[in-house]
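Here is the structure we will look at.
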Amino acid sequence: MIDKQFVKVLVDIKHMSLDQTFDYKVPKDLKESIEIGQRVLIPFSNRLITGFVTELITHPTYEPSQLKSIEDIIDIMPYFDKERLNLATYLAKKHLRPTINYLNAMLPSALSMKYQTYFKPLKQSLNEPLKTIFKTQNKVDKASLNPKALNAIKKGLLEGSIDIEHTFQQATKIKTIPYLYLKDPLKVKGPKQRAVIDYLNNHGPSKMQTVLKAVETSASTLTPLLRRGIIEKHSKETLREIKAYIDEPDKKVVLNTTQSTITSQILNTLNTHQEHLIYGVTGSGKTEIYIELIKAVRKKDKQALVLLPEISLTPKIVARFKKAFDEPIAIYHSNLSIGEQYDQWRQVLKKEVHICIGARSAIFMPFDNLGLIVMDEEQSASFIQRDNPPYHTKDIARLRSHKHRAPIIYGSATPSVETFYHAKKGEITLHTIKKRALNATMPNIQLINMKQEFKQGNPSIFSRLLQQKIQETLDKKEQIMILINRRGHNNFVICRECGKRIKCPKCDVSLTYHKHTNTLKCHYCNYEESSPSNCPACHSPHIRFMGVGTQQVENQLHKTFKAAKVYRMDYDTTTKKAAHEKLIAAFEEDGDILVGTQMITKGLDFENVTLVAVLSADMALFVPDFYAQSETFTQLTQIAGRSGRRSKQGHVYIQAYDSDHPILDDVLNQSYESFYEREIAFRKRSKVEPFYHITQILFLYKTYEVAYKKALEVKRYITSRSDLNILGPSDPKLNKQNNIYKVQLIIRHKDDGKIHDILEKVHTYFKDGVSIQINHYPKIM
Ligand code: ADP
Ligand code: ZN
Ligand code: ZN
């Protein structure tokens, strides 16, 4: 039994210089309830702030008489256990960010504290202008004061006529609703009052609203009952319900032979940290395997975590999971409201829910007995959080898998080259499914050369063949999906005479044209200007807005296929909450054509879609990025996989300018293996994943020269102390942002942890002046 006399507390201030714990005394009355992982209120340099208890200790570092005491415990339930505290420490050390950033990332944002400052007069008689400020109130909120009033207050504080009060509030509270309880069923006269008592007698404690509705009366009926103590009213905690707009039909699934073989092979490794890859074509029934595995894990009373790359884009998968289990499932992603996230998270913390489906942040769910982690579409870049704070979901999944002895299941039709490489080497168990479940055949894919199309006199965004196929599909009352590749396809403005693009004056990237406001915007710094009619460089009137947008394609479809019902899914049509889900439901119900960006490539399983088209498929290949090819291959394979998922044959038409590109060949042949062979050779030549890991050290400063010089210094320092291979200093893709210059060093290394010590030293020794950022998952190109 530890004598809980002292605790170590990590303060909730996001700064590297404060990234350490401080010792505090525990006052007598808090000793019983204090625990590791709780948030506490502590005095810290003359104010009260929040912090996390990371350790209970008997021997503090300093003389106990010098220590301050904890003021209060904020939460009764601890939010962290040792496992997740250690995880935060590990991540902080690896990425050189404050530990507190990771602790906060692990909690729903509803729990972040709102600090407020109030001022109160200490004297009866105040002089102007203080008198006016406190005329109608005896306490004012700092946020409500203008600079002049603030100045007056400051004077008052110095004179001792004004006092400060700080308050803390959690950003979002637990939602409660009033419930009525029958206490003493005395005789009452009024018929409505009697009806209330009868209702409670029959139904037990009930929501106040429900009672009032059932009895058809208003709250005033309750007043005498409450006063006489016949009934009581109490607030009861309630969950914010996440509305679902998609319902999946009930269906009985019996796994086929391939599926059950894989399932039992994986079940043999429960209670180990084995990693598995289910490499199965689109529609091969991977999701059904996950469901079966989780059922087995639940039978053993363990918890399961399913990670989906863009879960808000895949409500149908969520609906399938919900249908498959008799128990509640927590959903966790950033498209939920702060309150909803909080409720989902709290149910897991309280062990009321044992299965969670979520986006990358769900990897931090407070499970304490995990039995399985599923990462569907494991190749997705959305499993990487690049900053604030940076982490790779896989990195954390592995740590948690070891800790809990819970196997990890990766699933994909187009695994990342890294994962497939490790699977081929036997480090990850490989399970292959070549055929679709439900006997559906793979879609038919055809490539259309758009250069030729243009030469032959068709300037339209649709080739003639595609137009014809769309019409045929409409006639058969089958559905169509059209993907517009937006990557590398910005709506930038180009001058046809001098060839110059219009760039952001602060950031050195192309400005993007926004039609509805007729402006040009910078997507990095929000700079905005009205769109010019002449080229700013050569004054030519022949400037042109490049790129086709979803809206343009939608308009074109309306014109060409007048009777068709077209839905559009892109960033603009899905900003409202659940808009995405409603759109999917609507398209499934009565749509003919769904036009969309990358959003439509993932996880959608429509029975009646038999035609999929991709416009300008090769644009994304022009993005100068090592991973552009794998991303394009994945995306095209994914979207092709949306077609013909049931009994009808699916067709896919891919329009491209550079139609000879080998990647398009692989897509056409639906050959992941041939893509893999070429790609792995390319990665080996380029010295990137899985052969080398790339870490970027970024130097940020208001002048380029100073940042550059610092980068050189650091390079010399590292070279003199290690044999690491360093490139640079060089300019990153975006080398100036908000008038801050960036210079980078690139380190290629075997990702074996050796780099961490030297980076930590760099971070400590070179911290003055130029700010240094370490990025293990940089967007470099
Ligand atoms: P994937 O996750 O590999 O893309 P899904 O699990 O979505 O594949 O399977 C495609 C379709 O086939 C889904 O509608 C799914 O319910 C159905 N399905 C898969 N396996 C079976 C099975 N054994 N019995 C009945 N239906 C199945
Ligand atoms: Zn010009
Ligand atoms: Zn800018």
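Just follow the structure's listing: the first ligand is 1, and inside any ligand the first atom is 1.
Judged purely by distance below 3.5 Å, without hydrogens or angles, the side chains of His404 and Glu83 pair a donor atom with an acceptor atom. Counted by atom type alone, Asn444 and Tyr653 present zero donor-acceptor pairs between their side chains at under 3.5 Å.
Nearest residue to atom 5 (P) of ligand 1 from Arg320, Glu288, Gln638, Lys251 is Arg320 (criterion: closest heavy atom). Considering each of Ala437, Gly283, Ala413, Ser412, the one bringing a non-hydrogen atom nearest atom 4 (O) of ligand 1 is Gly283.
Atom 8 (O) of ligand 1 has Gly285 N, 2.9 Å as its closest protein atom, hydrogens excluded (heavy atom only). The shortest contact between atom 2 (O) of ligand 1 and any protein heavy atom is with Thr287 OG1, 2.6 Å. Residue, atom and distance of the protein heavy atom nearest to atom 24 (N) of ligand 1 are Val253 CG1, 3.6 Å. Residue, atom and distance of the protein heavy atom nearest to atom 12 (O) of ligand 1 are Leu438 CD1, 3.1 Å.
Lys477 is linked by a salt bridge (Lys or Arg N to Asp or Glu O under 4.0 Å) to nothing, counting only residues two or more places apart in sequence or in another chain. Lys435 meets the salt bridge (Lys or Arg N to Asp or Glu O under 4.0 Å) test with no other residue; sequence neighbours excluded.
Ring-centre distance between Phe321 and Tyr290: not below the 6.0 Å cut-off.
Considering backbone and side-chain N/O atoms, Gln259 comes within less than 3.5 Å of an N/O atom of ligand 1. Taking any N or O of Val254, backbone or side chain, at least one lies under 3.5 Å from an N or O belonging to ligand 1. Distances between N or O atoms of Thr282 and those of ligand 1 include no value under 3.5 Å.
Side chain of His273 to backbone of His402: no donor-acceptor contact under 3.5 angstrom is found.
For the pair Arg346 and Tyr342, the distance from NZ or CZ to the six-membered ring centre is under 6.0 Å and the angle to the ring normal is within 45 degrees.
Those atoms of ligand 1 with a heavy atom of Ser284 less than 4.0 angstrom away are 1 (P), 3 (O), 8 (O). Numbered from 1 in the order shown, with element, the atoms of ligand 1 that lie under 4.0 Å from a heavy atom of Asn256 read 23 (N).
In this structure, Glu554 does not pair ionically with Lys565, as no charged nitrogen and carboxylate oxygen lie closer than 4.0 Å.
At a 4.0 Å cut-off, not a single heavy atom of Arg436 sits close enough to ligand 1 to count as contact.
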